[in-house]
Amino acid sequence: MSHIRDFLADLEIGAPLSSGRLTIYPLLTNRTARPGYLTLDQALAKGLAHVSEVGEAGSVPDLLFRNDGDLPVLLLDGEELVGAKQNRILNLTILVPAKTTLKIPVSCVERNRWSYRSRHFTSSDRAYNARGRAEKMGQVAAAMATVGAPRSNQQSVWANVAATASRAQVHSPTAAMSDVYEQQ
């Protein structure tokens with residue numbers, strides 16, 4: 001508890017930043033401690049993590065994440081994974097322990113492809129849009145409460161991707177969210 005108390009004592013409230021009716025106050029510190037984890041991008045870039053289909057046949061709502069590193073890896077809700085049989089987004093935020101292989105819950109954001117482009121996924125520099133992520137998280141929370149599994153309504157996710165593409169006037173042969181981002 002003293003660690004938390006010491007950390008809070010070192011915080012300063014910065015100058016407010018406003019945009020419209022939103023105002024935020026940054027919390028500042030002189031501490032230089034680094035987090036005790038890697039991000040997905042960091043772990044993949046260092047070759048310490050691998051993301052693949054759960055097996056040769058694949059499974060739309062699940063991927064296999066392998067952390068070969070000595071630090072946990074932070075996977076963030078909505079991060080997009082590109083490759084393998086179809087692009088997916090993470091259904092929730094997960095801290096994967098070091099030296100661990102874990103099945104991770106995902107949703108598909110590329111409806112019209114189910115064939116290998118690569119054996120492993122890469123991360124993209126984008127995340128699922130805010131509206132879609134909010135809807136998906138509501139579905140995941142409801143599924144956790146009713147069936148105990150972090151599942152989305154895949155049809156709803158695909159409908160959100162299609163609506164987003166339509167609003168952006170983007171055509172994608174595989175109905176991929178990544179095409180919307182790349183063309184815009």
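In this text, all values refer to a predicted model and were calculated from it rather than measured experimentally. Sequence positions, counted from 1, serve as the residue numbers for this chain.
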Yes or no on side-chain contact (heavy atoms from CB on, under 4.5 Å) for L44 and F121, after CA distance, side-chain angles and deciding distance? CA-CA 9 Å; L44 290 174; F121 286 87; over 6 Å; no
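- For S166 (side chain) and A162 (main-chain N/O), no donor-acceptor pair under 3.5 Å exists by modelled atom type.
- The side-chain heavy atoms of L76 and L40, taken from C-beta on, include no pair separated by under 4.5 Å.
- In this structure the side chain of V157 reaches within 4.5 angstrom of the side chain of V109, judged on heavy atoms.
- S152 meets the side chain to side chain donor-acceptor pair (under 3.5 Å) test with S107; sequence neighbours excluded.
- Counting only heavy atoms from C-beta outward, the side chains of K136 and D77 approach each other to under 4.5 Å.
- In this structure, S19 contributes its side chain and L22 its backbone to no donor-acceptor pair below 3.5 Å.
- Of the possible donor and acceptor atoms, none in the side chain of D179 sits under 3.5 Å from a partner among the backbone N and O of S172.
- Annotation for E12: atom CD does not count as buried by contact number, only 12 or fewer foreign heavy atoms lying within 6.0 Å.
- The closest side-chain heavy-atom distance from Y181 to D125 is not below 4.5 Å.
- No side-chain heavy atom of N87 sits under 4.5 Å from any side-chain heavy atom of T174.
- At a threshold of 4.5 Å between non-hydrogen side-chain atoms, the residues P105 and I94 count as touching.
- Qualifying side chain to side chain donor-acceptor pair (under 3.5 Å) partners for E80, counting only residues two or more places apart in sequence or in other chains: S124, R126.
- With a 4.5 Å cut-off between side-chain heavy atoms of Ile, Leu, Val, Met, Phe, Trp and Tyr, the cluster of L28 takes in none.
- In this structure a side-chain-to-backbone donor-acceptor pair under 3.5 Å is present from Q154 to C108.
- Remark: the backbone N or O of T164 is not paired with any side-chain donor or acceptor of N160 at under 3.5 angstrom.
- A 4.5 Å side-chain heavy-atom check between E79 and S123 finds every atom pair outside the cut-off.
- Heavy-atom minimum distance, S59 versus V54: CB-CG2, 3.7 Å.
- Within the structure, no pair that satisfies the ring-ring contact (aromatic ring centres under 6.0 Å, His included) test touches residues 60-94, not counting sequence neighbours.
- Residues passing the salt bridge (charged side-chain N to carboxylate O under 4.0 Å, His left out) test with R31 are D10, sequence neighbours excluded.
- The side chain to side chain donor-acceptor pair (under 3.5 Å) search around R119 returns E56, Y116, not counting sequence neighbours.
- Looking only at side-chain heavy atoms (C-beta outward), R111 and V161 stay at 4.5 Å or farther from each other.
- Annotation: side chain to side chain donor-acceptor pair (under 3.5 Å) contacts of D70 (sequence neighbours excluded): K99.
- Checked against salt bridge (charged side-chain N to carboxylate O under 4.0 Å, His left out), E110 has the following partners two or more places apart in sequence or in another chain: R113, R117.
- For residues 122-177, no residue pair satisfies the ring-ring contact (aromatic ring centres under 6.0 Å, His included) rule, not counting sequence neighbours.
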Contacts under 3.5 angstrom, residues 138-149 side chains, donor-acceptor by atom type, not counting sequence neighbours:
from, atom 1, to, atom 2, distance (Å)
Q139, OE1, N153, N, 2.8
Q139, NE2, S156, OG, 2.9
T146, OG1, A142, O, 3.0

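- The side-chain contact (heavy atoms from CB on, under 4.5 Å) test applied to S118 returns no partner, not counting sequence neighbours.
- Contacts classified as ring-ring contact (aromatic ring centres under 6.0 Å, His included) and involving residues 29-64 (residues at least two apart or in different chains) are given here: H50-H120.
- Here the closest heavy-atom approach between residue G36 and residue L71 is recorded as O-CD2, 3.8 Å.
- Sparse packing is recorded around CD1 of I13, with 12 or fewer heavy atoms of other residues, nucleotides or ligands lying under 6.0 Å away.
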